[in-house]
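To start, the structure under review is shown below, and the notes come after it.
Quick note: residue numbers are just sequence positions, from 1.
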Amino acid sequence: MFHHSAKLQYKVTVDKPDPVFAKYLQQAIGGIEGEIRVAMQYFFQAMGARGDSKYRDLLMMTATEELSHIEFLGHAVALNLEGAPLSEQENAARDPIVNAILGGMNPRHILSSGLSAMPVNSNGVPFDMSHVYATGNIATDMLANVTAESGGRVLASRLYNMTDDPGMKDMLSFLIARDTMHQQQWLAVIEELGGMEQQFPIPNSTPESHEAIEHSYYFLNTSLDEPTPEGRWTRGRSIDERSQFTVQEKPEPLGQKPDLGKARPGSGAQTEQQD
């Protein structure tokens, strides 16, 4: 069960509407870095969470917060669309806001939504849930969540730099701050579970007998004309403490040349393939 407050999570004001910026804000709603993505990701992770119930609660509470971000971003889009032209007769040249329809605003904000937000990205493409990652493995999901929040913070930072409106900058500064917290909380879960060393490799429940471990810790230099990029991944103890990093400079293929043989009769292949 969900409860809703009539008040937004954070205040949203627009000093000067900007229909073009409304189009950009759509990325924060329906883009792959946006709030629909993380809300659904945390929601489905929560529904599939097993183990300590506090992690399910953490995910569900954060999913609900992300729904509130969709709401106030949607309000921001609508406020930025105030004054956008509804017809050619509205003296487009008199006001830069009105003129924006010729300068890059999304026409679907008029044609499809009546000057309000939509569940689409900045190009008008609907979010299709293909970037919702919920594996049922808590370490995998937490890492996916850190990545999602990192992308969201990059996007919010770019949007912050694209507007001079004080109200929009204030709202985006709040989103940037919440992205920081969410990055930190997902990393904190990994730390609480024993940190990277204990959680890796993922899944850490896979028996070593199922893994060809002799292939687990060497870096392959697959370049014909570049030296190995030396770093932490080429020498010293592996992050999971199970082995040492090594390098194979000129790796030889371990498999065979693929050959499927003749085509089966009735497969629709040419007779020359079946002979």
Side-chain angles (χ1 to χ4, degrees), residues 32-33 37-38 40-60 62-63 128-154 179-264:
I32 60 172
E33 314 92 339
R37 182 267 180 94
V38 288
M40 291 298 99
Q41 182 157 306
Y42 305 156
F43 185 54
F44 279 88
Q45 287 179 5
M47 289 193 294
R50 289 178 170 83
D52 194 324
S53 62
K54 69 179 181 179
Y55 299 123
R56 182 188 189 279
D57 295 340
L58 169 64
L59 285 159
M60 192 62 75
T62 309
D128 65 1
M129 302 294 179
S130 62
H131 286 275
V132 170
Y133 307 122
T135 68
N137 180 296
I138 191 168
T140 301
D141 287 349
M142 291 303 107
L143 285 172
N145 295 348
V146 172
T147 301
E149 293 290 344
S150 300
R153 195 170 190 269
V154 169
D179 287 337
T180 296
M181 174 56 195
H182 294 159
Q183 287 181 35
Q184 293 293 302
Q185 73 186 44
W186 305 135
L187 288 168
V189 171
I190 294 175
E191 181 181 277
E192 187 172 273
L193 293 171
M196 297 292 188
E197 295 83 359
Q198 189 166 319
Q199 288 303 298
F200 277 74
I202 298 171
N204 60 10
S205 60
T206 298
E208 285 195 8
S209 61
H210 293 189
E211 179 178 356
I213 202 165
E214 66 271 22
H215 302 294
S216 297
Y217 296 98
Y218 56 73
F219 175 80
L220 287 178
N221 181 347
T222 57
S223 174
L224 292 174
D225 51 12
E226 291 291 338
T228 296
E230 293 288 340
R232 177 65 180 85
W233 55 89
T234 61
R235 59 183 177 272
R237 197 73 176 164
S238 62
I239 303 301
D240 59 17
E241 297 289 329
R242 295 200 305 171
S243 186
Q244 297 284 327
F245 287 129
T246 60
V247 174
Q248 288 194 10
E249 292 288 355
K250 297 184 182 300
E252 293 292 331
L254 302 178
Q256 73 277 24
K257 180 179 178 179
D259 183 357
L260 297 178
K262 302 297 185 182
R264 291 172 55 188

Exercise. Nearest 0.5 Å, what's the CZ-CD1 distance between Arg37 and Ile32?
Worked result: 7.0 Å
Problem set entry | Considering all heavy atoms, the nearest Gln183-Val146 contact | O-CG2, 4.0 Å
Exercise. Can you find a side-chain donor-acceptor pair between Tyr217 and Asp240 that sits under 3.5 Å?
Worked result: yes
Exercise. Gln244 and Tyr218: side-chain donor and acceptor closer than 3.5 Å?
Worked result: no
Exercise. Is it true that a side-chain atom of Thr234 and a backbone atom of Glu230 form a donor plus acceptor pair closer than 3.5 Å?
Worked result: no
Exercise. Quick one: OG1 on Thr228 to NZ on Lys250, what's the gap to the nearest 0.5 Å?
Worked result: 9.0 Å
Exercise. Going by atom types only, do Gln41 and Asn145 share a side-chain donor-acceptor pair under 3.5 Å?
Worked result: yes
For this session: Might you work through the side-chain contact (heavy atoms from CB on, under 4.5 Å) test for Arg242 and Ile213, ending with a clear yes or no?
Result: CA-CA 10 Å; Arg242 295 200 305 171; Ile213 202 165; 3.9 Å; yes
Exercise. Got a second to check how far Ile190's CD1 is from Glu192's CD, nearest 0.5 Å?
Worked result: 11.5 Å
Problem set entry | Residues Leu193, Gln198; criterion side-chain contact (heavy atoms from CB on, under 4.5 Å); working and verdict | CA-CA 8 Å; Leu193 293 171; Gln198 189 166 319; over 6 Å; no
For this session: For the residue pair Glu211 and Thr206, confirm or rule out a side-chain donor-acceptor distance under 3.5 Å.
Result: no
For this session: Taking all heavy atoms of Leu58 and all of Thr62, pick out the closest pair and write down the distance.
Result: O-OG1, 2.8 Å
For this session: Would you sort out whether Tyr55 and Val189 count as a side-chain contact (heavy atoms from CB on, under 4.5 Å), showing the intermediate values?
Result: CA-CA 8 Å; Tyr55 299 123; Val189 171; 3.8 Å; yes
Problem set entry | Side-chain donor-acceptor contact under 3.5 Å, Thr135 with Asn137 | no
For this session: Mark yes or no for whether Thr147, through its side chain, and Leu143, through its backbone, hold a donor-acceptor pair below 3.5 Å.
Result: yes
For this session: To the nearest 0.5 Å, tell me how far Gln45 CD sits from Met47 CE.
Result: 10.5 Å
Problem set entry | Closest contact, heavy atoms only, Val38 versus Ala148 | CG1-CB, 3.8 Å
Problem set entry | Residue Phe44 excluded, over 12 heavy atoms near CZ under 6.0 Å | no
Exercise. Which is it for Met60 and Tyr42 under the side-chain contact (heavy atoms from CB on, under 4.5 Å) test, yes or no, and what are the steps along the way?
Worked result: CA-CA 6 Å; Met60 192 62 75; Tyr42 305 156; over 6 Å; no
Exercise. Which of parallel (below 30°), tilted (30 to 60°) and perpendicular (above 60°) describes His182 and Trp186?
Worked result: tilted
Exercise. Would you say the side chain of Leu59 lies within less than 4.5 Å of the side chain of Met142, judging by non-hydrogen atoms?
Worked result: yes
For this session: Specify the closest pair of heavy atoms between Gly261 and Asp259, including all atoms of both residues, with the distance to one decimal.
Result: N-OD1, 2.9 Å
For this session: Grab the two heavy atoms, one from Ala63 and one from Phe43, that are nearest each other, plus how far apart they are.
Result: CB-N, 3.6 Å
Problem set entry | NZ/NE/NH1/NH2 to OD/OE distance under 4.0 Å, Glu241 and Arg237 | yes
Problem set entry | Rounded distance (nearest 0.5 Å) linking atom CD of Glu33 with atom CD of Glu149 | 12.5 Å
Exercise. If you look at every heavy atom in Pro251 and Leu220, which pair is closest and at what distance?
Worked result: CB-CD2, 3.5 Å
For this session: Classify the side-chain pair Asn221/Ser223 by whether it contains a donor and acceptor separated by less than 3.5 Å.
Result: no
For this session: Verify, without hydrogens or angle tests, whether Ser238 (side chain) and Phe245 (backbone) share a donor-acceptor contact under 3.5 angstrom.
Result: no
Exercise. Do other residues, nucleotides or ligands put more than 12 heavy atoms under 6.0 Å from the CD atom of Glu191?
Worked result: no
Exercise. With a cut-off of 6.0 Å (strictly less than), are more than 12 heavy atoms of other residues, nucleotides or ligands near CZ of Arg50?
Worked result: no
For this session: Output the distance between atom CE (Met196) and atom CG (Leu187), rounded to the nearest 0.5 Å.
Result: 6.0 Å
